[in-house]
Amino acid sequence: MHMRNATTVACLGSMLLLAPAPAGDLRGFSAESAKAEREWEAKFRAIPSPDSLREDMRRLSARPHHVGSPYDKDNAEWLLAKFKSFGLDAQIETFDVLFPTPKERVVELVAPTKFVAKLQEPPVPGDPTSSQQAEQLPTYNAYSIDGDVTAPLVYVNYGVPADYERLERLGVSVKGAIVIARYFGSWRGIKPKVAAEHGAIGCIIYSDPREDGFTRGDVYPQGPWRPRDGVQRGSVMDMPLYPGDPLTPGVGATKDAKRLPIGEATTITKIPVLPISYGDAQPLLAALRGPVAPAEWRGGLGITYRVGPGPAKVHLRVKSDWSLKTLYDVIARIPGAAAPNEWVIRGNHHDAWVNGAEDPISGLVPLLEEARAYGQLLKQGWKPRRTIVYAAWDGEEPALLGSTEWAEAHADELAAKAVAYLNSDTNNRGYLDMAGSHSLEAFINDVARDIEDPETKLTVWKRAQLRAIADATTADARQEARQRADLRIDALGSGSDFTPFLQHVGVATLNLGYGGEGGGGIYHSIYDDFKWFTTFDDTSFVYGRALAQTVGTAVMRLADADVLPYQFAGLAETVGRYVKEVEKLAKDSQDEIRERNRELDEGVFPATADPRDPSLPPARQELPPYLNFAPLDNAADALTRAAERYEKAFTRAQANGGVALAQPAAQALNTTLLQSERAFVNAVGLPRRPWYRHQIYAPGFYTGYGVKTLPGVREGIEQKNWAEADRQIGVAAQAITAAAGVIAQAADKLDKLAP
Ligand SMILES: [Zn+2]
């Protein structure tokens with residue numbers, strides 16, 4: 001049903017997209033410049049081709065290309081040659097980083113019976129790249145400390161803090177044990193971190209078929225889901241502390257950079273970790289006794305899930321080669337004609353765990369098509385106002401290495417010049433997923449209104465809106481999806497290369513990709529390859545083309561606008577919502593603790609426990625104090641007022657053809673606008689993790705990828721650190737007030753342009 005004839009679609013698409021569009025309706029453009037922009041954008045969107053996408057993917061995923069492998073460097077050089085062949089100015093920037101690769105890996109059951117885990121993914125007949133074993137990185141979790149431990153096994157579900165609270169009530173401790181956790185439920189690096197905090201001495205992570213194996217559908221090669229011996233590789237570095245090279249936090253890992261001794265790198269795990277398949281996990285889990293696992297903890301294997309500890313006893317051994325490896329970031333530039341010192345940056349990583357057709361090549365090949373199309377437009381006379389920087393990052397998979405080291409090495413320049421960073425990673429079929437800085441919410445909604453969905457021929461915006469209506473679970477949410485001018489965009493936590501730009505430097509950021517249809521279980525395995533992708537995913541590459549059209553249009557529009565098209569009303573509304581959320585969180589936490597203490601007094605827990613099932617009452621907690629949220633409320637108010645002032649001034653300037661916007665004086669306005677996102681970062685950063693400086697968005701300390709908005713305040717409350725929450729209210733309020741100040745200044749400048 002989703003297979004289409006690519007040539008037919010291409011012709012229809014270009015006719016549709018080249019039709020004259022209304023001018024003067026583009027935010028930040030004068031009527032005249034909007035007309036020119038519309039014409040260039042329509043030309044651009046006709047260029048990306050499914051055939052090119054397919055051939056580029058075939059080439060880039062032909063061999064394993066992890067950091068330090070021969071084909072990783074080969075791909076970088078090929079990408080460099082491509083950018084140059086498009087007529088772009090390009091080079092490779094290298095960094096030397098700590099990237100461990102496995103030398104010894106053992107997981108074995110030593111009691112009550114003996115079983116040795118295979119730790120090996122077999123090739124699949126008919127899938128040529130799955131047999132490239134000599135070049136494949138073995139299954140492992142990067143940045144696991146070396147170790148050799150033997151101990152009783154405990155099953156900890158997803159291994160997040162709430163699971164350990166549950167274990168405590170079951171009377172089970174993991175002290176001195178090896179834990180086995182399933183993938184999902186948190187970013188994988190959280191699992192060994194929380195296990196070590198609770199006294200475990202080793203950690204095994206396995207893929208349960210309930211999440212991405214046979215419970216979901218047919219397994220590869222019959223279907224797209226994870227086969228019995230498929231293993232999810234991945235990093236377990238403590239990235240919520242800081243991403244990038246563990247030895248050079250905060251600075252680029254150049255040849256002569258000052259490096260920490262390995263023993264002082266705080267982001268390496270405290271206990272050894274290895275990932276395994278469900279084929280290898282089943283005998284381990286089946287050998288556990290002790291309490292039956294709570295209902296929500298049970299997976300798809302045909303066994304009674306039990307928690308332990310023991311009698312299953314496991315031997316776990318990991319040893320890595322800890323040498324430095326070289327990263328190859330490929331950077332291409334189109335110099336801006338009028339404002340060369342304002343940069344629009346677009347990136348996607350090129351390294352993979354193995355062949356990585358889906359992750360990351362499905363997102364990288366659209367980037368390449370955008371660059372190819374820009375090469376053609378430049379020859380036809382297109383002159384972007386601002387500088388465009390295209391980046392193919394190395395080393396994203398281990399720890400966002402290439403993007404982080406580059407952003408750290410160029411931090412001062414980025415702070416002065418960066419307008420926006422646009423990221424993509426894997427791309428699939430379905431709906432446009434828009435996430436990022438809320439100053440770009442209205443902007444990216446506008447772009448989405450100009451892109452055609454290849455399956456339905458609706459705009460991708462309309463399709464996303466209709467899905468929001470279908471997915472809404474309350475009448476209010478449905479009404480908002482129908483009536484709000486723009487679809488809300490999600491805030492960003494982590495999990496891809498946008499993190500250093502947004503959360504360390506404070507660059508307004510968007511992360512874009514299509515998805516939500518299909519699915520599969522080949523993530524970070526040898527089966528994520530060309531054969532799998534072209535059999536089960538975006539098989540006609542029309543969503544690859546849609547991504548190129550979407551991100552490419554956004555980059556052009558940001559690069560060409562007379563006045564930077566940030567919009568602050570949506571930002572202020574969203575920040576106001578976050579403030580209300582943390583206020584409610586504090587109140588709910590108080591109510592919850594008060595109620596639990598009351599039930600402890602009443603004797604509820606022993607009275608309702610089955611004496612034949614172990615169940616302990618929860619610990620009594622101190623009642624939280626009331627927090628003073630007034631500084632945050634006032635700051636959110638100031639932001640709203642500044643946003644309203646700016647919007648009024650902007651509307652006045654844009655009426656009348658927006659002539660005022662095109663004046664040379666608009667340059668001074670842009671210089672101020674450029675600093676609006678930067679105002680949200682402070683020099684001190686978040687508690688215990690100073691690398692993360694953005695006061696509105698951060699990855700959660702205990703979620704890893706999942707975002708925490710107003711992170712200092714929210715995590716203070718969640719971790720019941722009330723004094724810290726109180727201090728962080730002041731810190732966040734200061735950052736929001738600073739941003740309001742920048743926006744008010746921009747409004748002043750606009751008033752002078754168009755009095
Ligand atoms: Zn990726």
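For ligands, and for the atoms within them, numbers begin at 1 and follow the listed sequence.
Qualifying salt bridge (charged side-chain N to carboxylate O under 4.0 Å, His left out) partners for Asp96, counting only residues two or more places apart in sequence or in other chains: Lys255. Take Arg689 and apply the salt bridge (charged side-chain N to carboxylate O under 4.0 Å, His left out) test, not counting sequence neighbours, and it matches Glu715. Every salt bridge (charged side-chain N to carboxylate O under 4.0 Å, His left out) that Arg63 has, sequence neighbours left out, goes to Glu135.
Remark: the backbone N or O of Tyr527 is paired with a side-chain donor or acceptor of Ser525 at under 3.5 angstrom.
The only option from Tyr206, Trp225, Phe214 that meets the ring pair (Phe, Tyr, Trp, His ring centres under 6.0 Å) definition with Tyr278 turns out to be Phe214.
No donor-acceptor contact under 3.5 angstrom links the side chains of Arg429 and Thr539, judged on distance only.
Shown are the protein N/O/S atoms under 2.8 Å from the Zn ion (ligand 1), given by residue and atom: His349 NE2, Asp359 OD1, Asp425 OD1, Asp425 OD2.
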